[in-house]
Visitor: 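What follows is a structure written as structure tokens; I'll ask about it next.
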Number of protein chains: 4
Amino acid sequence: MADYDTLGSVFAEGAKMAPPNSDVGDVQRGAGRPRDPRIEQAALAAARELLVEVGYARLTVAAVAGRAGTTKAALYRRWPSLPHLVYEAAFPDDLLKDWHLGADLRADLLGIVVGTRDAFTTPVAAAALPGLLAEFSTHPVLHNALLSRFASVFEAIDDRLRDAATAGEVKAEARSEDLLRLMIGAALIGVLLGPETLDDAWAARITDILLEGIRP
Amino acid sequence: MADYDTLGSVFAEGAKMAPPNSDVGDVQRGAGRPRDPRIEQAALAAARELLVEVGYARLTVAAVAGRAGTTKAALYRRWPSLPHLVYEAAFPDDLLKDWHLGADLRADLLGIVVGTRDAFTTPVAAAALPGLLAEFSTHPVLHNALLSRFASVFEAIDDRLRDAATAGEVKAEARSEDLLRLMIGAALIGVLLGPETLDDAWAARITDILLEGIRP
Amino acid sequence: MADYDTLGSVFAEGAKMAPPNSDVGDVQRGAGRPRDPRIEQAALAAARELLVEVGYARLTVAAVAGRAGTTKAALYRRWPSLPHLVYEAAFPDDLLKDWHLGADLRADLLGIVVGTRDAFTTPVAAAALPGLLAEFSTHPVLHNALLSRFASVFEAIDDRLRDAATAGEVKAEARSEDLLRLMIGAALIGVLLGPETLDDAWAARITDILLEGIRP
Amino acid sequence: MADYDTLGSVFAEGAKMAPPNSDVGDVQRGAGRPRDPRIEQAALAAARELLVEVGYARLTVAAVAGRAGTTKAALYRRWPSLPHLVYEAAFPDDLLKDWHLGADLRADLLGIVVGTRDAFTTPVAAAALPGLLAEFSTHPVLHNALLSRFASVFEAIDDRLRDAATAGEVKAEARSEDLLRLMIGAALIGVLLGPETLDDAWAARITDILLEGIRP
DNA sequence: CACTAATCGAGACGGTACGTCGCGTCTTGTG
DNA sequence: CACAAGACGCGACGTACCGTCTCGATTAGTG
């Protein structure tokens, strides 16, 4: 995943249009030298390394290119700007791949809390998150990319909560939106203030508060 | 508060500290031309205006200086860097001045939620917050400034919760830290994702969830 | 002359030096986007204009860049500092291109006096000279550039004087070094104290004094 | 010499006017705290030291004040600007105090050459000269100060040469102006290109060339 | 002996230029 | 086409020095 097409569909703003001979439906594999597939991985790996080493603020395109053994132009051919690259490096597409809901409501909520915490407390993610949040407020494209990625998760939780309401496990008026924001917000604050306190006991306490908070 | 001395105690790195024996005739006190107090206010006001007009990312030291009718050097004499100035401009010391707890636990919690939301949804604060969060991870001084500011609030809520536990209103094991982080995190996420949803109904819902969550 | 390579050989500090084995297929030769040759000429022209308009002391890198339609960074890519640019602008390499010695000793000496005066009394040179002299003592690279430029002239005059000594026109112990310094010094002092007195009669008088001074 | 009054007469531009009670002819020794006479000497000494240590270009008012144990304001009370201070430090008023002409024309000329060389090759003067020359072309006040200082010398040499012409020692049309410029120019060039070559043999050679050059 | 007035230290002031850095784009020659 | 290389315009950075100013604290002479 995380390949050119996926990126293009999320970030491209028209410049990455398929070449004119795409009428036959073959993806733009047309004329010209093909892209070196190693560059993509090398760039993401370099970005991850540098994020941990120097932090988001001191991360530069030239440094990523140098570490990846390529040049700035090759990176700008793949990502519209540095934040896009960082976003993909810190939060790859496969982040949510083995995530699912089950029958036990508390286990499901705990899973979300733990999953969010784990996604945020990765050294790479912890280094990238504050900077990316700042970019989100400036670049709506990035913002939407984040939201659309979590849209399916959001819907799934919404359904799960509705089922729980039907089963009488939670209040009918409980909103998945509120719950999710509380969980993500708690994890985010934890990362910003010091991720060392976000142990499993913390996750259990947060889950219990929220679970009791929406019980009928 | 929010005056020159307070600033010095938070940001200065030793040079501006009053010597411990300053109770006697301290000769150095007030040597040199005193700082023009209007510059400080003008700079903070200019920063607030520009934050709303152009946003954090496009905010420039030169622009703040120009709008304030002074020069970059005068600003660097007062704040180590632009984020420090922005922090003080967006979150002045008197932010928490008329804040207090009462007898009604729900009212107290709601007050915190609403107060945090109001502090974060100010146009100035909303513009500054994402950028400042990114800087916090770079500038530990700023980070500590934020934490120390909320330290007293934290203690007060801690005491309030302990009283409530004694009165049987909440669980004995309820932690003010968890509660506070949930409340602040919810407001923060709200600001980052779209502050238009943070109405009074939202505050009431969040308060109710948390209150029920810690009931015995 | 006065082109990119000559500049490199005079001012560059190793980075731009062609490697000694560059006779074979030197891969690095010409890598990257080539420098825009118009910028070099535009910068020199802008410097010349501004030297006359505002003088050396008020000459700014930003002003030269602005007038040349480029930016400071492009200038710093070509010259280590403003004095280097000014030096090349005021005293280009082709300054001595149509200079030669002949059979008449007095005519030769007069030619040097007049040539030096003309080179120094150009509006551009007159504006640049005092400032450059001050920089010479700070930047030895500039100093050496000046000296090496006159080295060939120096040798030619040395030979000419030796021939004249053989022909019995001048004393055997007459030193071209002394003579040249007297001539250049007289012109320099003239420019510094007021170039309006350096007419052709002045040149004739100076030439006659020096010529008689070294007659046997 | 070199005191306040002399300075005032040379440099002051009206600001240093005597107070209104000076009608009785007493120099402004009126009210107010008198100037600390040690500051003047300390500043000149500090300037001399720093000129040799860091050169003219890196010499700053703050550094001179610091080295002299005083402040910038005290210096600006005595000299209109840094070049004025440097000028007086490098070329004090008593420079020409034991200078005179005699009966031997060659000895007189040699004296001027040697005297100029000695005045220019002092470490302090050699460090200050190029920078001061650059300032001269910008600040006519300084320029005039230099010229007026040498005016008497100039006249004396003029007379001396006229006497020599009457005595048949030199051509009638020989100009002291040309001669003096040649001598000063030679010394100046020598300092700029490397003062180590300006030994006594050099002085003798220069003197002989010029003397022969104006012989009838 | 108080009063006046200039100087002292200290250091902030407005102003201006410096040289550097990073961005995202472009223009070469070479696959 | 992609790629390595590196220059390009743009704009901001944080620093340094200038010469001036405003303090409170001396330090004389004057009334």
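Per chain, numbering begins at 1; letters A, B, ... match sequence-line order.
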Visitor: Just wondering, do A/Tyr56 and A/Glu135 contact through their side chains at under 4.5 Å, heavy atoms?
Guide: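 They are in contact (side-chain heavy atoms under 4.5 Å apart), so the answer is yes.
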Visitor: Under a 4.5 Å cut-off applied to non-hydrogen side-chain atoms, are C/Leu50 and C/Glu53 in contact?
Guide: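 Yes, close enough: below the 4.5 Å cut-off.
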Visitor: Quick check on DNA chain E: between B/Ile39 and C/Pro34, whose nearest nucleotide comes earlier from the 5' end?
Guide: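 Checking each residue's closest nucleotide, the 5'-ward one belongs to B/Ile39.
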Visitor: Is there side-chain contact between C/Pro80 and C/Val141, with heavy atoms separated by less than 4.5 Å?
Guide: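 No, side chains not in contact.
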Visitor: Rounded to whole Å, please give me the gap between OH in D/Tyr56 and C1' in F/dC18.
Guide: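 These atoms are roughly 13 Å apart.
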Visitor: Could you pick out which residue, B/Leu75 or A/Pro83, lies toward the 5' side of DNA chain E when each is mapped onto its nearest nucleotide?
Guide: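 The residue whose closest nucleotide sits nearer the 5' end is B/Leu75.
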Visitor: Calculate the interatomic distance between B/Arg35 atom CZ and E/dC13 atom C1'; express it in whole Å.
Guide: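 Spelled out: CZ on B/Arg35 to C1' on E/dC13 is 12 Å.
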Visitor: At 4.0 Å (heavy atoms only), tell me whether D/Gly69 reaches a base, stays on the sugar-phosphate, or touches nothing.
Guide: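 If one applies the 4.0 Å heavy-atom cut-off, D/Gly69 turns out to touch the sugar-phosphate alone, with no base involved.
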Visitor: Yes or no on side-chain contact (heavy atoms from CB on, under 4.5 Å) for A/Leu44 and A/Trp79, after CA distance, side-chain angles and deciding distance?
Guide: CA-CA 11 Å; A/Leu44 293 172; A/Trp79 295 275; 3.8 Å; yes
Visitor: Listed by chain and number, what are the side-chain hydrogen bond (donor to acceptor under 3.5 Å, both in side chains) partners of B/Ser81, not counting sequence neighbours?
Guide: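 Expected list: B/His84.
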Visitor: Of all the choices, F/dA7, E/dG14, E/dC8, which nucleotide is nearest to the side chain of D/Arg78 once you look at every atom?
Guide: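 In terms of side-chain proximity for D/Arg78, the closest of F/dA7, E/dG14, E/dC8 is E/dC8.
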Visitor: What nucleotide, of F/dA5, F/dC3, F/dC8, holds the atom closest to the side chain of C/Ala31?
Guide: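 Closest nucleotide to the C/Ala31 side chain: F/dA5.
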Visitor: For D/Glu40 and E/dC8, give me the distance from atom CD to atom P, rounded to whole Å.
Guide: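 That distance rounds to 10 Å.
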Visitor: Mind calculating the distance between NE2 (D/His84) and P (F/dC18) to the nearest angstrom?
Guide: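 Whole-Å distance recorded here is 14 Å.
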Visitor: Look at the side chain of C/Thr60 and the backbone N and O of C/Ala63, then say whether any donor-acceptor pair between them is shorter than 3.5 Å.
Guide: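 Such a contact is absent between C/Thr60 side chain and C/Ala63 backbone.
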Visitor: Could you run down nucleotides 16-22 of chain E 5' to 3' and tag each one B, S or - for protein heavy-atom contact under 4.0 Å?
Guide: -SSBB-S
Visitor: Keeping C/Arg35 on the side-chain end and C/Arg78 on the backbone end, is there a donor-acceptor pair under 3.5 Å?
Guide: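 No, because the side chain of C/Arg35 does not come within donor-acceptor range (under 3.5 Å) of the backbone of C/Arg78.
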Visitor: Side-chain N or O of D/Arg33 less than 4.0 angstrom from OP1 or OP2 on E/dA5?
Guide: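 For E/dA5, neither OP1 nor OP2 has a side-chain N or O of D/Arg33 closer than 4.0 Å.
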Visitor: Whole angstroms only, please: what is the CG-C1' distance between D/Asp36 and E/dA6?
Guide: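 D/Asp36 atom CG is separated from E/dA6 atom C1' by 13 Å.
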